[in-house]
There are 2 protein chains.
Amino acid sequence: MEQRDRTLLEAKASVLKALGHPTRLWLAEQLADGEKCVCQLAESIDADISTVSKHLAILRIAGVVSVEKRGKQVYYRIKVPCILQYMPCIEAVIRAQAQEQIACLN
Amino acid sequence: MEQRDRTLLEAKASVLKALGHPTRLWLAEQLADGEKCVCQLAESIDADISTVSKHLAILRIAGVVSVEKRGKQVYYRIKVPCILQYMPCIEAVIRAQAQEQIACLN
DNA sequence: TGCACACATGGTAGAATAACCATATATGCG
DNA sequence: CGCATATATGGTTATTCTACCATGTGTGCA
């Protein structure tokens with residue numbers, strides 16, 4: 001494989017990896033309908049604010065979200081909204097897997 | 001968050017996580033145009049066959065690929081093809097990120 | 001039956017991850 | 001200025017991941 005392809009591959013994997021954590025996926029989904037500040041995100045989740053902040057940093061570095069500081073708050077938003085359109089397909093994968101496991105029991 | 005939602009969230013994250021590794025993403029892409037056996041996949045990559053086999057097992061457990069044994073070979077194929085349709089969007093994330101980083105240098 | 005091939009699985013060491021706590025930084029208000 | 005609020009960052013520890021090697025299992029052929 002060429003270096004160029006390998007670099008692109010790693011970049012794509014890192015985006016998927018960033019979304020491949022329950023908390024980060026939840027954060028991304030929370031931002032689906034508009035920007036939110038860290039405090040809004042943190043209050044509805046049972047985790048330390050520093051943990052939420054670090055997860056958001058990972059999403060930011062991966063390019064999934066963008067940041068804007070306004071006053072005391074830092075607002076995050078989805079940068080490329082199409083990634084959320086991916087979820088129905090992901091759910092289809094889960095359904096297919098569940099059906100297969102049920103079939104194994106018969 | 002309800003338990004049901006949390007379970008679904010974790011399931012979705014695990015699918016994305018499975019794809020969030022360069023080797024596994026490459027394997028999935030190799031299967032885009034039809035099934036391949038482990039030997040075909042392993043010969044074009046610089047990794048131990050056991051490593052490839054374990055990555056394929058992770059993809060299988062996540063529900064991304066399905067398996068069929070025929071003779072001595074084991075053939076893998078993409079189970080829910082839509083998962084590969086989102087790569088252009090993932091690439092868009094990468095481009096947006098790259099452009100932003102260039103802009104930071106100005 | 002025995003051997004070679006194709007995979008899978010167990011074991012292990014090193015790297016990466018993730019959660020928390022503590023602390024630093026920046027902002028607005030009194 | 002001094003203080004409270006909002007985030008980010010550094011440190012630490014436990015867990016998880018990943019790659020390799022070694023070995024086990026199943027299949028077809030001589």
Side-chain angles (χ1 to χ4, degrees), chain A residues 1 6 9-28 30-31 34-77 79 104, chain B residues 1 6 9-28 30-31 34-77 79 104:
Chain A
M1 185 161 23
R6 166 152 292 280
L9 187 65
E10 286 173 359
K12 286 190 288 185
S14 71
V15 172
L16 291 164
K17 185 178 179 180
L19 290 169
H21 185 285
T23 301
R24 290 196 292 269
L25 184 56
W26 180 85
L27 288 167
Q30 292 302 303
L31 299 176
E35 65 175 22
K36 287 191 171 62
C37 68
V38 181
C39 53
Q40 288 174 293
L41 294 167
E43 77 178 3
S44 22
I45 197 177
D46 181 28
D48 200 276
I49 291 182
S50 72
T51 300
V52 174
S53 179
K54 281 183 180 174
H55 280 307
L56 287 166
I58 290 168
L59 288 171
R60 178 173 47 76
I61 291 166
V64 174
V65 301
S66 59
V67 169
E68 188 185 349
K69 183 165 187 175
R70 288 204 305 274
K72 275 195 294 188
Q73 281 96 358
V74 176
Y75 290 88
Y76 283 83
R77 81 188 58 167
K79 203 169 168 186
C104 285
Chain B
M1 186 164 18
R6 165 153 293 281
L9 188 64
E10 286 174 359
K12 287 190 287 186
S14 70
V15 173
L16 291 164
K17 185 178 180 182
L19 291 169
H21 184 284
T23 300
R24 291 195 292 267
L25 184 56
W26 179 83
L27 288 168
Q30 292 302 303
L31 299 176
E35 65 176 19
K36 286 191 173 63
C37 67
V38 182
C39 54
Q40 288 175 294
L41 294 166
E43 77 178 2
S44 23
I45 196 178
D46 182 26
D48 200 276
I49 291 182
S50 71
T51 301
V52 174
S53 178
K54 281 184 181 173
H55 280 307
L56 287 166
I58 291 169
L59 289 171
R60 178 173 49 77
I61 292 167
V64 174
V65 300
S66 59
V67 170
E68 187 185 349
K69 184 166 186 175
R70 289 204 304 275
K72 274 198 294 187
Q73 279 96 2
V74 177
Y75 289 88
Y76 284 84
R77 78 188 59 165
K79 202 167 167 186
C104 284

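Chain A is the first sequence line, chain B the second, and so forth, proteins listed ahead of strands; every chain is numbered from 1.
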Handout entry: Phosphate contact (C:dA18 OP1 or OP2) by A:T51 side-chain N/O below 4.0 Å
Key = no
Problem - Residues within residues 20-27 of chain B bordering DNA chain C, heavy-atom distance below 4.0 Å - result: none
Handout entry: For atom CZ of B:R70 and atom C1' of C:dC7, their distance in whole Å
Key = 15 Å
Exercise for the section: Give a yes or no on this: more than 12 heavy atoms of other residues, nucleotides or ligands lie within 6.0 Å of atom CD1 of B:I58. Expected result: yes
Handout entry: Length of the NZ-P vector between B:K69 and C:dA6, whole Å
Key = 13 Å
Fill in the blank from the handout: When rounded to whole Å, the CD to P distance for the pair A:E43 and D:dT5 reads 15 Å
Handout entry: A:A47, nearest nucleotide to its side chain (from C:dC7, D:dA6, C:dC20)
Key = C:dC20
Donor-acceptor contacts under 3.5 Å from residues 14-23 of chain B side chains, at least two apart:
residue : atom : partner : partner atom : Å
B:S14   : OG   : B:A11   : O            : 2.7
B:H21   : ND1  : B:T23   : N            : 3.1

Exercise for the section: Test the A:R60-A:Y76 pair against the cation-pi criterion, namely NZ or CZ under 6.0 angstrom from the six-membered ring centroid and within 45° of the ring axis. Expected result: no
Problem - Separation of atom CD1 in A:I45 from atom P in D:dT7, rounded to whole Å - result: 14 Å
Handout entry: Short side-chain N/O contact from B:H55 to OP1 or OP2 of D:dC17, under 4.0 Å
Key = no
Problem - N/O (side chain, A:S53) to phosphate O (OP1/OP2, D:dA8) under 4.0 Å - result: yes
Practice task
Would you tell me if any nitrogen or oxygen in the side chain of B:Y76 comes within less than 4.0 Å of OP1 or OP2 on C:dA8?
Solution key: yes
Handout entry: Donor-acceptor pair (no angle test) under 3.5 Å: B:S50 side chain, C:dC7 base
Key = no
Problem - Base of C:dG11 paired with side chain of B:K54 (donor-acceptor, under 3.5 Å) - result: yes
Exercise for the section: Please check if the side chain of A:K36 supplies one atom and the backbone of A:Q30 the other of a donor-acceptor pair under 3.5 Å. Expected result: yes
Exercise for the section: Measure from CD on A:Q40 to P on D:dA6 and round the result to the nearest Å. Expected result: 11 Å
Practice task
Output the distance between atom CG (A:L41) and atom NE2 (A:H55), rounded to the nearest 0.5 Å.
Solution key: 12.0 Å
Problem - Of the listed nucleotides D:dG26, C:dA8, D:dT5, the one nearest the side chain of A:K72 - result: D:dT5
Fill in the blank from the handout: In whole angstroms, the gap separating P of C:dT9 from CZ of B:R60 amounts to 7 Å
Handout entry: From A:K12 atom NZ to B:W26 atom CH2, the distance as rounded to the nearest 0.5 Å
Key = 12.5 Å
Completion exercise
Whole-Å distance, B:I49 CD1 to C:dC5 C1', equals 10 Å
Handout entry: A:K17 side-chain N/O to C:dT17 phosphate OP1/OP2 under 4.0 Å
Key = yes
Practice task
For A:Q73 and C:dC29, give me the distance from atom CD to atom C1', rounded to whole Å.
Solution key: 14 Å
Exercise for the section: Supply the atom-to-atom distance B:L56 CG to B:L27 CG, rounded to the nearest 0.5 angstrom. Expected result: 5.0 Å
